[in-house]
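Position 1 is the first residue of the sequence; numbering continues from there. Indexing begins at 1, ligand by ligand and atom by atom, following the structure's order. Basis for what follows: all heavy atoms, side chains included, without hydrogens, waters or symmetry-related copies.
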Amino acid sequence: MQVSYLDLKQLNISKEEVLKKAFENVLKSGWFILGEAVDKFEKEFSLFTQTKYCIGVANGLDALILSLKVLNIGEGDEVIVPSNTYIATWLAVSYVGATPIPVEPNIYTYNINTALIEEKISHKTKAIIPVNLYGQAAELEDIRNIAIKYNLYVIEDNAQSQGASYKDKPTGSWGDINATSFYPGKNLGALGDGGAVTTDNEELSQKIRVVRNYGSQKKYYNEIKGVNSRLDELQAAFLSEKLKYLSAENEERVRLAKVYDEELKNVGDLILPQISCNATSVYHIYLVRTKQRDELQNHLTNRNIGTVIHYPIPPHLQEAYQELGYKRGDFPLAEEIAETCLSIPLYPGLSAEQQGFVIEAIRQFFN
Ligand SMILES: *Cc1c(COP(=O)(O)O)cnc(C)c1O
């Protein structure tokens with residue numbers, strides 16, 4: 001048997017008919033940029049996240065960058081970010097000229113440790129970017145309260161958690177402005193790049209609309225220096241179709257996670273994902289930890305089971321961030337997670353037989 005880490009091909013082919021129809025509609029419309037399909041998807045996704053406005057953009061990194069831009073965050077400003085995250089969160093801050101200020105994770109949920117945020121706030125701090133990592137909502141209410149207390153903005157990075165919630169309120173709706181990604185491997189993935197910004201703030205939504213399209217509302221009249229970061233009609237049409245399946249697919253992820261939770265507990269030194277009582281997870285990633293990570297990964301590779309390390313090097317130790325002068329030991333929890341984590345196969349369509357094969361192989365390793 002072979003179990004790939006993620007079967008994107010099957011996941012999309014299972015929707016072949018509706019995706020082909022979506023393609024046909026766009027082809028026949030003859031309109032490919034900022035038309036009806038983008039409008040329609042933006043309305044659907046704002047409903048899904050229970051926000052007033054959604055603006056489609058080219059990718060998740062741009063969604064973060066444009067959010068920072070319209071909040072006028074830039075040179076000389078500081079932005080609180082998790083030390084344990086995908087590097088895109090940090091890159092967005094750097095790209096607008098601000099400095100990322102890392103905060104260590106809670107070692108149980110792997111999300112930013114809310115109790116450590118206040119000590120990192122300075123007179124330069126402008127915003128906090130909580131990331132709902134691996135599918136689980138961060139402590140979004142506490143983070144919002146800290147932001148209110150210090151007059152900071154919250155920008156949610158919801159790239160990994162479409163459909164999760166905190167205290168029954170959807171992720172992607174807690175920040176002043178929220179960013180998400182439709183990279184093909186995300187829970188809601190396009191057939192190419194895509195992203196979106198969601199917000200309840202009309203003024204911010206208008207600014208994003210203008211800045212994503214060359215800084216112009218009326219063609220060839222440019223109010224500000226904008227960029228080209230638009231969601232394609234074609235991707236929007238695919239996303240409208242795929243959004244219909246998202247809740248059921250997220251439920252399937254949760255069901256598969258429960259099977260792993262049950263079957264892998266007390267196996268070796270494995271640490272399984274833990275979900276905080278106020279949060280839900282849509283299990284973008286099922287991440288386990290063990291001191292024997294590399295050996296376990298080899299063992300699974302030899303049995304044709306795909307795994308991924310999310311992520312092997314935390315942002316502060318990446319070559320790209322040498323300028324900040326961090327060294328090994330500065331963020332020990334982020335480093336420990338990087339050294340011990342392994343993501344095992346979990347996706348809609350993973351069969352009971354395949355999952356059983358993965359479980360058996362892991363148990364065998366620890367015996
Ligand atoms: C994927 C991801 C992004 C960036 O999304 P892209 O669409 O690839 O630019 C940002 N933040 C996190 C946490 C992500 O996982």
Side-chain angles (χ1 to χ4, degrees), residues 5-6 8 41 45 49 54-69 79-96 100 102-103 105 109-112 127-138 140 143 154-164 171-172 174-175 177-198 208 212 227-232 235-236 238-239 242 253 279 281-287 308-316 318 320-321 334 337-338 341 343 346-347:
Y5 173 68
L6 175 64
L8 270 186
F41 174 70
F45 197 68
T49 53
C54 168
I55 308 96
V57 296
N59 55 65
L61 178 59
D62 277 2
L64 285 166
I65 292 172
L66 299 191
S67 296
L68 288 157
K69 254 174 125 85
V79 177
I80 306 254
V81 297
S83 61
N84 184 48
T85 182
Y86 179 55
I87 197 169
T89 319
W90 287 44
L91 288 176
V93 175
S94 304
Y95 187 82
V96 298
V103 169
T109 65
Y110 308 128
N111 274 325
I112 193 166
I128 307 170
I129 309 187
V131 180
N132 306 309
L133 202 63
Y134 313 144
Q136 176 172 194
L140 296 167
I143 291 166
V154 174
I155 303 163
E156 240 186 276
D157 180 342
N158 196 34
Q160 300 193 357
S161 298
Q162 296 121 353
T171 57
W174 284 85
I177 192 161
N178 313 286
T180 196
S181 161
F182 306 121
Y183 179 79
K186 309 292 190 194
N187 286 33
L188 179 59
L191 306 185
D193 275 314
V197 172
T198 52
I208 295 274
R212 77 167 168 185
V227 298
N228 175 353
S229 182
R230 302 172 297 219
L231 180 65
D232 285 349
Q235 295 305 336
F238 293 145
L239 286 165
K242 293 192 72 178
R253 287 174 182 271
S281 176
V282 288
Y283 292 94
H284 174 57
I285 285 168
Y286 192 92
L287 180 142
V308 176
I309 295 170
H310 293 106
Y311 300 92
I313 302 174
H316 72 280
Q318 294 280 1
Y321 274 110
I337 293 166
C341 71
S343 306
L346 188 155
Y347 50 86

Quiz item: Is it the side chain (CB and beyond), the backbone, both or neither of Val131 that lies under 4.0 Å from ligand 1, heavy atoms counted?
Solution: side chain
Quiz item: Taking non-hydrogen atoms only, is Asn59 closer than 4.0 angstrom to ligand 1 via side chain, backbone, both or neither?
Solution: both
Exercise. Assess His284 for proximity to ligand 1: is some non-hydrogen atom of it under 4.0 Å away?
Key: no
Quiz item: Do side-chain atoms of Lys242 reach the backbone of Gly189 as a donor and acceptor pair under 3.5 angstrom?
Solution: yes
Regarding ligand 1, does [X] bring an N or O atom to under 3.5 Å of one of the ligand's N or O atoms?
{"X": "Gln160", "result": "yes"}
{"X": "Lys186", "result": "yes"}
{"X": "Ala88", "result": "no"}
{"X": "Ser181", "result": "yes"}

Quiz prompt | Donor-acceptor side-chain pairing of Ser343 and Tyr134 below 3.5 angstrom | solution = no
Quiz item: Just checking, is any N or O donor in the side chain of Asn132 or Ser161 under 3.5 Å from an acceptor N or O on the other one?
Solution: no
Quiz item: Which residues pass the side chain to side chain donor-acceptor pair (under 3.5 Å) test with Asp157, sequence neighbours left out?
Solution: Thr89
Quiz item: Taking only residues two or more places apart in sequence, or in another chain, which ones meet Tyr347 in a ring-ring contact (aromatic ring centres under 6.0 Å, His included)?
Solution: none
Quiz item: Short list, please: which atoms of ligand 1 are under 4.0 Å from a heavy atom of Ala159?
Solution: 2 (C), 3 (C), 10 (C), 11 (N), 12 (C), 14 (C), 15 (O)
Self-check item: Leu61: numbered ligand 1 atoms lying under 4.0 Å from its heavy atoms
Solution: 4 (C), 5 (O), 6 (P), 9 (O)
Practice problem: Please state whether the rings of Phe41 and Phe182 are parallel, tilted or perpendicular, taking 30° and 60° as the class boundaries. | Solution: perpendicular
Quiz item: Given Ile285, Asp157, Ile129, which one has a non-hydrogen atom that is nearest to atom 11 (N) of ligand 1?
Solution: Asp157
Quiz prompt | Minimal non-hydrogen separation, Trp90 against Pro100, with atom names | solution = CE3-CG, 3.8 Å
